[in-house]
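Single-structure report; data block below.
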Amino acid sequence: MTTIAAAPVPVATRPRLMKGNEAMADAAIEAGCDAYFGYPITPQAELLERMARRMPELGRVFVQAESEIGAINMALGAAATGAKVLVSTSSPGMSLMAEAMSYMAGSELPIVLINVMRGGPGLGSIGPSQSDYFQATKGHGHGDYRVPVLAPSSIAEAVALVADSFEIAARYRTPVILLADGIQGQAMEPVVPTFRTPAWDTADWELTGASGRAPRVVRSLHLLPEDLEHHNQHLQAKYATISRREVRWAGEQLDDAEIVVVAYGTAARVARTAIERARADGLRVGLFRPITLWPFPSKALAELAPRLRAILVVELSAGQMIEDVRLAVERVPVFFHGRTGGMVPIPSEVVDRLRVAWALTAPTP
Amino acid sequence: MTTIAAAPVPVATRPRLMKGNEAMADAAIEAGCDAYFGYPITPQAELLERMARRMPELGRVFVQAESEIGAINMALGAAATGAKVLVSTSSPGMSLMAEAMSYMAGSELPIVLINVMRGGPGLGSIGPSQSDYFQATKGHGHGDYRVPVLAPSSIAEAVALVADSFEIAARYRTPVILLADGIQGQAMEPVVPTFRTPAWDTADWELTGASGRAPRVVRSLHLLPEDLEHHNQHLQAKYATISRREVRWAGEQLDDAEIVVVAYGTAARVARTAIERARADGLRVGLFRPITLWPFPSKALAELAPRLRAILVVELSAGQMIEDVRLAVERVPVFFHGRTGGMVPIPSEVVDRLRVAWALTAPTP
Amino acid sequence: MTTDVARRVIYAHPSLLAERPTHYCPGCGHGIIHRLIAELLEELHLGPTTIGVASVGCSVFAYDYLGIDFVESPHGRAPAVATGVRRTRPDAFVFTYQGDGDLAAIGTAEIIHAAARGERLSVVFVNNGIYGMTGGQMAPTTLLGQRTTSSPEGRDSGLAGFPIPITEMLALLPGVTYAARGSIADPSQVGKTKTMLKRSFEDQLGGGGFSIVEILSTCPVGWGMTPQQAMEHVANDVVGTYPLGVIVDRRKVP
Amino acid sequence: MTTDVARRVIYAHPSLLAERPTHYCPGCGHGIIHRLIAELLEELHLGPTTIGVASVGCSVFAYDYLGIDFVESPHGRAPAVATGVRRTRPDAFVFTYQGDGDLAAIGTAEIIHAAARGERLSVVFVNNGIYGMTGGQMAPTTLLGQRTTSSPEGRDSGLAGFPIPITEMLALLPGVTYAARGSIADPSQVGKTKTMLKRSFEDQLGGGGFSIVEILSTCPVGWGMTPQQAMEHVANDVVGTYPLGVIVDRRKVP
Amino acid sequence: MTIGTQVSHARTGDTQPFQPIEIAVDRCKSCDLCIAVCPKHVLERDVTVVNKLGHHPIRLTDADACTSCALCARICPDAVFTIYARPKAVPV
Amino acid sequence: MTIGTQVSHARTGDTQPFQPIEIAVDRCKSCDLCIAVCPKHVLERDVTVVNKLGHHPIRLTDADACTSCALCARICPDAVFTIYARPKAVPV
Amino acid sequence: MERATILSGFGGQGLLFAGQVLAQAGMLEGKHVSWLPSYGPEMRSGTASCTVIVADRPIGSPVIDRADLVIALNPPSLAKFQGLLAPGGLLVLNDSLIEADPSRHDIDVLRVPCSALARTVGDERVISIIALGSAIGRLPIVSPESIRRALVEAAKGGAEVVAMNLRALEIGLEQGAPIGAQARS
Amino acid sequence: MERATILSGFGGQGLLFAGQVLAQAGMLEGKHVSWLPSYGPEMRSGTASCTVIVADRPIGSPVIDRADLVIALNPPSLAKFQGLLAPGGLLVLNDSLIEADPSRHDIDVLRVPCSALARTVGDERVISIIALGSAIGRLPIVSPESIRRALVEAAKGGAEVVAMNLRALEIGLEQGAPIGAQARS
Ligand SMILES: Cc1ncc(C[n+]2csc(CCOP(=O)(O)OP(=O)(O)O)c2C)c(N)n1
Ligand SMILES: Cc1ncc(C[n+]2csc(CCOP(=O)(O)OP(=O)(O)O)c2C)c(N)n1
Ligand code: SF4
Ligand code: SF4
Ligand code: SF4
Ligand code: SF4
Ligand code: SF4
Ligand code: SF4
Ligand SMILES: [Mg+2]
Ligand SMILES: [Mg+2]
């Protein structure tokens with residue numbers, strides 16, 4: 001299916017107070033999502049429920065699958081026909097999708113997968129978390145593949161990133177993960193509903209039935225290692241392109257910052273409040289907020305680093321993104337503050353850490 | 001169940017030529033494995049088949065599950081009763097085990113899981129590969145957990161590490177991954193069958209029926225984030241202990257080495273041949289071979305680094321362990337050589353890379 | 001004046017059931033079924049030898065209320081987990097407690113293969129026709145036309161298929177020694193269901209195979225009904241799709 | 001002397017079947033079944049509108065031999081993949097091709113729920129009672145007593161349970177319009193099986209629901225038999241556990 | 001109005017009249033299922049009490065009318081009831 | 001002995017006798033299933049040939065005896081056969 | 001200016017809805033707002049709470065470490081949240097269920113017999129709107145008029161329900177109004 | 001000293017077994033050995049090969065980039081593996097199936113009509129043992145006696161099969177023996 005990208009058009013004039021899960025569902029619908037497949041899980045269920053209501057009304061596809069494995073494999077089949085497919089889940093369900101994600105990466109199928117993260121490991125809790133960072137950015141499924149990962153820090157941004165995710169997915173024929181957390185799924189914030197058609201062109205490879213052309217096969221099997229290596233080289237080249245072109249991040253108060261908090265999603269929101277308070281106390285601190293977690297904005301951070309006394313990484317995890325931060329920078333001390341299991345750092349904790357880092361890295365007079 | 005560790009006792013005087021898969025099966029049996037659960041997949045099938053023959057003969061448990069998910073969850077149940085459990089699979093099957101592995105990490109259940117890696121992503125190929133490094137060491141399942149990962153580089157070492165894996169699993173109440181590749185599964189090498197009883201004590205927590213004591217619950221759910229965070233802190237403390245105590249690596253020809261190849265498993269074997277040849281050409285090169293991939297021998301490598309001109313990482317992947325190498329060292333150029341999809345680097349390729357690195361990092365006169 | 005001797009207990013709180021409030025919603029059938037299990041384990045003296053296998057659903061907390069050893073399973077995998085327990089603890093009494101989402105959706109493969117293997121297990125299958133825990137979405141067991149949060153216009157067979165008679169399907173497998181369906185719609189049904197559970201438990205103790213008791217339960221909150229309406233709905237409507245009674249009985253002479 | 005006009009073709013290589021050697025072992029039933037599918041797609045003029053869904057097993061390479069669009073599924077998930085295809089391509093002819101390990105073991109949940117939903121799909125279920133591709137291990141369909149590389153002493157119901165009559169189980173679901181079991185044990189059975197497949201395909205074209213044709217096939221290598229012995233084994237033994245014939249037929253008047 | 005704590009509506013005692021049922025009011029969730037099944041209509045919500053769970057627990061309105069049939073106990077999802085047999089008058 | 005390449009045992013031609021079947025010998029795997037079903041017993045392995053797959057392909061031993069019944073084609077897993085109707089003698 | 005409110009009590013008391021009304025009212029005034037519930041199944045028969053932030057500029061953390069207003073409808077909520085109040089902040093207590101006194105003395109306390117008043121309106125579920133009204137009457141984070149509009153916009157039920165909620169709101173506002181104002185009304 | 005052998009041909013020609021015999025023989029001589037098959041389902045009716053390394057010290061790479069001995073039983077194997085031979089290495093060809101000449105001229109070539117000889121033994125599957133015997137006759141990586149012992153130890157069939165294999169081995173050794181030796185026998 002082919003659609004030409006169009007500039008965003010607001011479909012309402014006034015902002016609406018929307019739950020993150022529902023706002024993301026609506027965003028997908030506005031982006032022309034053809035098919036949604038999902039399975040209920042907290043704290044993502046409202047997204048599925050919204051799709052259950054709206055997709056059939058629009059004559060589009062909604063299937064509540066028998067499981068997350070069912071959902072992601074339905075998505076695989078639908079994506080193979082060139083459809084614009086959305087799937088959503090939360091952490092344990094994400095784990096179940098590892099095999100099919102690897103298949104889709106190998107088969108080069110575009111699809112957008114939203115993970116509204118909750119506390120782990122195991123059944124864990126249903127509280128908000130960012131402890132699936134490793135999973136999303138590396139190592140989820142088997143084999144050498146990467147998946148672009150986008151992380152919004154507000155519901156309005158989540159809405160925008162849904163359309164962007166579709167666009168990236170189609171442009172590079174790749175699954176894309178939108179990584180949110182329980183707070184982003186459950187909270188309500190004002191959103192201006194916007195109609196935004198992402199570019200989408202699958203005509204060259206989608207399965208339609210082999211009418212008037214040679215048969216097509218969507219596959220990940222390349223039994224001869226030579227063939228698979230060749231395919232992998234193609235994938236790696238694609239990933240290199242994505243790494244060059246699709247990096248996104250946002251900075252706040254970086255101009256004079258001597259310490260920078262690196263945080264994404266909800267952690268970045270907490271950091272923003274903490275930074276304001278710390279600035280009120282005279283600490284020159286700023287925020288570096290990766291929006292793409294893979295590709296990680298390593299270069300931008302590396303360029304910033306020489307000017308910094310220290311970096312403070314804040315995560316709703318025991319420390320995962322910190323590895324990418326450390327890979328990006330050299331010679332700058334990297335501090336960490338994380339809460340896990342559904343707990344969220346509060347601004348005052350972050351302010352405390354900033355003070356400690358500030359003190360420890362004070363230039364010797 | 002409780003067994004006291006005993007020194008290894010050879011059960012045969014002469015070495016036997018054994019297929020890696022079968023040797024690992026026998027090693028588990030000699031280590032007192034109570035129960036095996038698996039599902040057929042190439043290149044791991046002979047391990048399952050060996051267990052299918054031998055376990056019932058010994059009156060122990062063998063179940064060919066309906067799927068990898070079935071197998072790993074049977075393992076979860078058996079492990080909860082204190083049994084010494086082995087599971088084996090290959091890459092796509094490994095992906096399917098992500099959720100249950102996260103549960104077992106959360107529930108603190110010991111179990112040994114062998115992944116005989118093949119080429120990915122997706123159905124990929126059945127050739128040997130190391131492209132599940134990220135998955136094994138990070139990010140497989142959801143949530144903040146880590147799993148000790150041991151990587152043998154010969155069949156004899158694989159045999160030894162099976163017993164060690166059980167010991168680590170029980171000592172820390174954690175799943176342990178033994179990461180092999182298709183070559184290690186399929187090749188035959190001489191092995192002296194050895195009887196080795198690892199220490200194993202699960203009496204404090206295993207499920208037996210609540211007779212004469214309070215009921216016990218093996219669980220990963222902690223619905224209150226406070227509780228889950230508390231549990232996560234406990235897990236993180238345990239991981240810190242493992243990181244201190246269980247690091248393993250081997251070095252070869254490191255004394256005067258100016259370039260070091262970092263490689264594990266089959267890649268390390270290839271590297272050994274390459275290093276011999278390069279030394280014959282006058283290049284002072286050595287081998288640093290991580291045996292535990294998590295915890296990664298960062299400290300040892302960091303200590304070595306200041307003496308080095310360069311590091312060459314060799315993997316059967318597009319570059320995964322290289323991240324841990326780069327996290328471990330500073331200021332040393334890190335080169336990479338990888339083959340993917342079931343292809344294996346040959347010694348001459350590695351020699352070429354060593355020559356390039358040698359030339360590029362030649363001290364300016 | 002009465003004496004203590006005369007104060008005979010007709011119904012006592014089961015000793016294996018914790019004396020504290022549950023997290024279940026008012027009128028939820030899980031409470032009744034927990035109680036039945038506690039009563040039976042006590043009557044059969046199984047407290048000290050039982051290993052329960054919890055599933056993911058509202059009832060995951062069964063382990064907080066039943067005073068026995070318990071292991072928690074990932075969603076749908078209780079029969080596989082129970083297989084591991086069964087094989088390594090041949091002398092234990094092992095049962096799973098599973099909701100319909102857990103057993104008949106994500107866990108379909110695991111329940112069918114545990115049954116096909118004839119694993120010596122008792123399965124307590126609580127069918128309330130909905131995903132209770134996650135907020136009342138459609139389950140594979142949801143009745144046609146039933147409104148849920150994920151079938152807001154009522155389940156339409158054209159879009160979402162038909163209710164799945166999983167217990168009847170299981171009954172086709174020779175490894176299944178006993179399969180029956182009861183309900184908790186009124187005290188008399190509760191009693192009959194207890195008898196079914198007892199047969200299942202005793203069959204396991206007697207060396208039988210796989211047995212399952214499906215219990216038509218209620219989810220007043222998910223159904224948008226009062227507890228009493230929910231009971232009536234089971235008695236009048238649900239049994240139409242899921243008839244009560246013994247579905248297969250291959251027990252050695254009971 | 002004969003003329004070209006007189007050289008009438010009685011049996012021609014199906015145009016949708018590639019003219020090159022397959023990777024299948026000598027005498028493997030997959031080849032026969034591929035041929036039947038190619039013949040039928042040609043006869044029903046479905047080449048240009050078909051999307052095949054390949055599964056993981058020896059037959060994963062079906063896409064190398066059949067000249068139609070194909071998507072490959074993870075092991076066992078073909079019915080879910082086909083659901084995605086079906087829903088987004090309502091006008092396509094969609095079928096899955098699945099082995100018994102794929103369909104009746106790891107893929108149990110997916111096949112049952114595709115059937116429960118009544119997805120408009122044709123399922124070609126090739127039951128050779130073994131995991132062919134991975135080296136001849138026991139499948140859920142393996143006969144009792146049958147030796148495989150993972151049941152070296154023969155399948156023992158006490159350890160490994162009973163063969164699973166999955167097609168009979170599926171037939172209980174109202175979403176299933178047609179379920180039948182054929183074999184390829186001799187040319188006449190091959191012909192009957194082709195008729196079953198044709199009914200399944202036509203039912204889909206006519207707007208029916210889910211249909212499945214189970215085909216008792218052979219794996220000479222996995223069974224340790226010559227191809228001919230394997231055929232006889234199907235005809236004499238396998239059909240005892242898996243009787244041939246139509247299991248359910250809910251098609252609108254055929 | 002009070003927030004209830006564990007209150008037994010039927011304590012035995014030398015001087016009290018026979019109480020056929022004990023209700024663990026702290027666990028009661030006002031689901032009313034017992035009310036519906038009680039053949040004697042002797043159960044009702046005690047709206048004067050809110051227990052720790054926020055509910056008005058059940059109370060027995062007429063101990064004498066209760067037949068100790070235990071139907072309430074068999075339906076109660078929160079295992080709130082203990083039921084005693086009505087004693088035959090025992091001569092002291 | 002030769003490694004066979006695609007050889008048709010039954011080429012039509014003005015001067016050749018009628019050949020009822022064509023065998024794509026390159027695909028034949030010597031499974032012998034056709035031999036077993038041929039009612040006329042006119043198929044056999046050609047042990048003088050090893051094809052690219054390493055097998056001795058099937059050949060027709062007696063074109064006149066073959067009835068073009070196509071049973072061989074219906075059982076052959078490798079779709080090796082093309083079957084032609086035996087022509088009625090057509091006067092030129 | 002950024003003002004954070006916590007509404008807390010038993011599940012089923014309509015707290016989450018009341019919080020949404022407050023957020024909606026803020027939005028109607030052109031402010032930045034966020035609404036964050038405690039979520040999950042355990043909330044159903046247990047306690048529920050939500051946090052609402054109304055601010056002049058983009059909101060940072062939706063999770064707060066100090067609140068300007070806490071509404072506590074039952075004893076556990078009082079215990080759990082009073083510590084979060086900023087000095088001088090407002091604590092609205094459901095006098096019908098909470099006997100204990102708050103341990104904090106540096107705050108403004110408003111006791112309202114919310115349950116009892118709700119019964120006068122005829123539906124226990126309006127209790128949270130009564131409490132919200134009281135709070136806004138005392139501490140006008142948003143204007144009463146905005147709350148009224150928000151109540152109408154956010155309402156899901158029919159006209160009766162809206163009317164009932166509006167009635168409850170007025171009762172609440174009255175409770176919260178400064179003594180003088182109250183006298184005047 | 002480390003010597004690498006590649007055995008290659010059609011599946012079903014007993015190549016993997018012959019390779020195991022060679023490895024086992026090396027082990028019997030106290031050497032380090034490794035045996036690595038090409039593996040997988042596609043091998044069944046296609047081509048199969050294995051690599052055997054026999055060495056005096058621990059073996060590095062089980063995957064090789066140069067071989068001392070290549071046994072090629074069919075044309076594709078010749079094409080695929082001759083390039084790996086070290087200069088001066090030995091190439092054993094199945095003369096029964098391979099008509100083409102190798103393109104390499106810096107190697108030692110031994111043509112043996114393995115298929116034909118195998119038929120004289122009565123079972124096509126001994127073809128690989130004949131080829132192995134020929135190779136060892138020419139290039140004694142291990143001693144013929146070790147091969148004999150290994151054949152007995154590794155055999156899975158009954159005594160007849162072992163006897164047949166031993167017969168095949170002798171035929172092979174004879175083929176490989178230097179011309180003079182052959183004359184002597
Ligand atoms: C892998 C996974 N997917 C989804 C969930 C979310 N989830 C929790 S309980 C549940 C289903 C509950 O339904 P049921 O089994 O019928 O139990 P009930 O609550 O109705 O008693 C789901 C889907 C989960 N925890 N894990
Ligand atoms: C997740 C996963 N598990 C296991 C495998 C290995 N595997 C490949 S094919 C197969 C089963 C083949 O059996 P069947 O479906 O009966 O097909 P057959 O080969 O017999 O035709 C298995 C288990 C895999 N590829 N992926
Ligand atoms: S949601 Fe339904 S099943 Fe769950 S506790 Fe409430 S009433 Fe029971
Ligand atoms: S292994 Fe069995 S199913 Fe697979 S191709 Fe060979 S004969 Fe056929
Ligand atoms: S025991 Fe019987 S009569 Fe008495 S309260 Fe209970 S149900 Fe009513
Ligand atoms: S059935 Fe139990 S919980 Fe329900 S109202 Fe009666 S006593 Fe209370
Ligand atoms: S067409 Fe009939 S008679 Fe002729 S070869 Fe084939 S099977 Fe035999
Ligand atoms: S059936 Fe086909 S493949 Fe088999 S021997 Fe005959 S022609 Fe060859
Ligand atoms: Mg349910
Ligand atoms: Mg099979």
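A, B, ... follow the sequence lines: proteins, then strands. Residue 1 opens every chain.
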With a cut-off of 3.5 Å and sequence neighbours excluded, list every side-chain donor-acceptor pair involving residues 47-57 of chain D.
from    : atom 1 : to      : atom 2 : distance (Å)
D:Thr49 : OG1    : D:Leu46 : O      : 3.4
D:Thr50 : OG1    : D:Leu46 : O      : 2.7
D:Ser55 : OG     : D:Tyr97 : O      : 2.8

With chain D as the partner chain, list the residues of residues 88-102 of chain A whose heavy atoms fall under 4.5 Å from it, by residue number, and write 'none' if nothing qualifies. A:Glu99, A:Ala100
Six-ring centre of D:Tyr178, D:Arg251 cation under 6.0 angstrom, axis tolerance 45°: yes
Can you find a side-chain donor-acceptor pair between A:Arg213 and A:Thr208 that sits under 3.5 Å? yes
Residue from A:Ala35, A:Ser67, A:Ser220, A:Ala71 scoring the most non-hydrogen pairs under 4.5 Å with chain D is A:Ser220
Answer with side chain, backbone, both or neither: which region of A:Ala83 has an atom nearer than 4.5 Å to a non-hydrogen atom of chain D? side chain
Side chain from CB out, backbone as N, CA, C, O: work out which of these in D:Val60 comes under 4.5 Å of a heavy atom of chain A, or both, or neither. side chain
Using a cut-off of under 4.5 Å for heavy-atom pairs, which of D:Val81, D:Leu66, D:Val85 has the most such pairs with chain A? D:Val81
Drop me the distance from A:Leu150's CG to A:Ile177's CD1, to the nearest 0.5 angstrom. 10.0 Å
D:Arg89 portion near chain A, given a 4.5 angstrom heavy-atom threshold: side chain
Side chain, backbone, both or neither: which part of D:Asp64 has an atom under 4.5 Å from a heavy atom of chain A? side chain
Assess whether a salt bridge exists between A:Glu66 and D:Arg117, defined as any Lys/Arg side-chain N lying under 4.0 Å from an Asp/Glu carboxylate O. yes
Are side-chain N/O atoms of D:Glu72 and A:Ser107 paired as donor and acceptor at under 3.5 Å? no
Examine the side chains of A:Tyr145 and A:Gln236 and answer whether a donor and an acceptor come within less than 3.5 Å of each other. no
Taking side chain as everything from C-beta outward and backbone as N, CA, C, O, which of these in A:Val85 sits under 4.5 Å from a heavy atom of chain D? Side chain, backbone, both or neither. neither
Kindly say whether the aromatic ring centers of D:Phe61 and D:Phe70 come within a distance under 6.0 Å. no
Answer with side chain, backbone, both or neither: which region of A:Arg60 has an atom nearer than 4.5 Å to a non-hydrogen atom of chain D? neither
If you count heavy-atom pairs within less than 4.5 Å of chain A, which of D:Gly76, D:Ala92, D:Gly67 leads? D:Gly67
Answer yes if the ring centres of A:Phe134 and A:His140 are under 6.0 angstrom apart, and no otherwise. no
In terms of heavy-atom pairs under 4.5 Å with chain D, which of A:Gly209, A:Ala75, A:Gly212, A:Ala80 leads? A:Gly209
D:Gln137 versus D:Thr148, side-chain donor and acceptor atoms under 3.5 Å: no
Only one of D:Glu202, D:Gln204, D:Arg199 passes side-chain hydrogen bond (donor to acceptor under 3.5 Å, both in side chains) with D:Ser122; say which it is. D:Gln204
With chain A, which of D:Ala80, D:Pro74, D:Ala82, D:Pro79 has the greatest number of heavy-atom pairs at distances under 4.5 Å? D:Pro74
Counting heavy-atom pairs closer than 4.5 Å to chain D, which one of A:Ala210, A:Ser211, A:Ala214, A:Ala79 comes out on top? A:Ala210
Honestly, the part of A:Val61 sitting under 4.5 Å from a heavy atom of chain D is side chain
Within the 3.5 Å criterion, strictly below it, is a donor on D:Tyr65 or D:His23 matched to an acceptor on the partner's side chain? yes
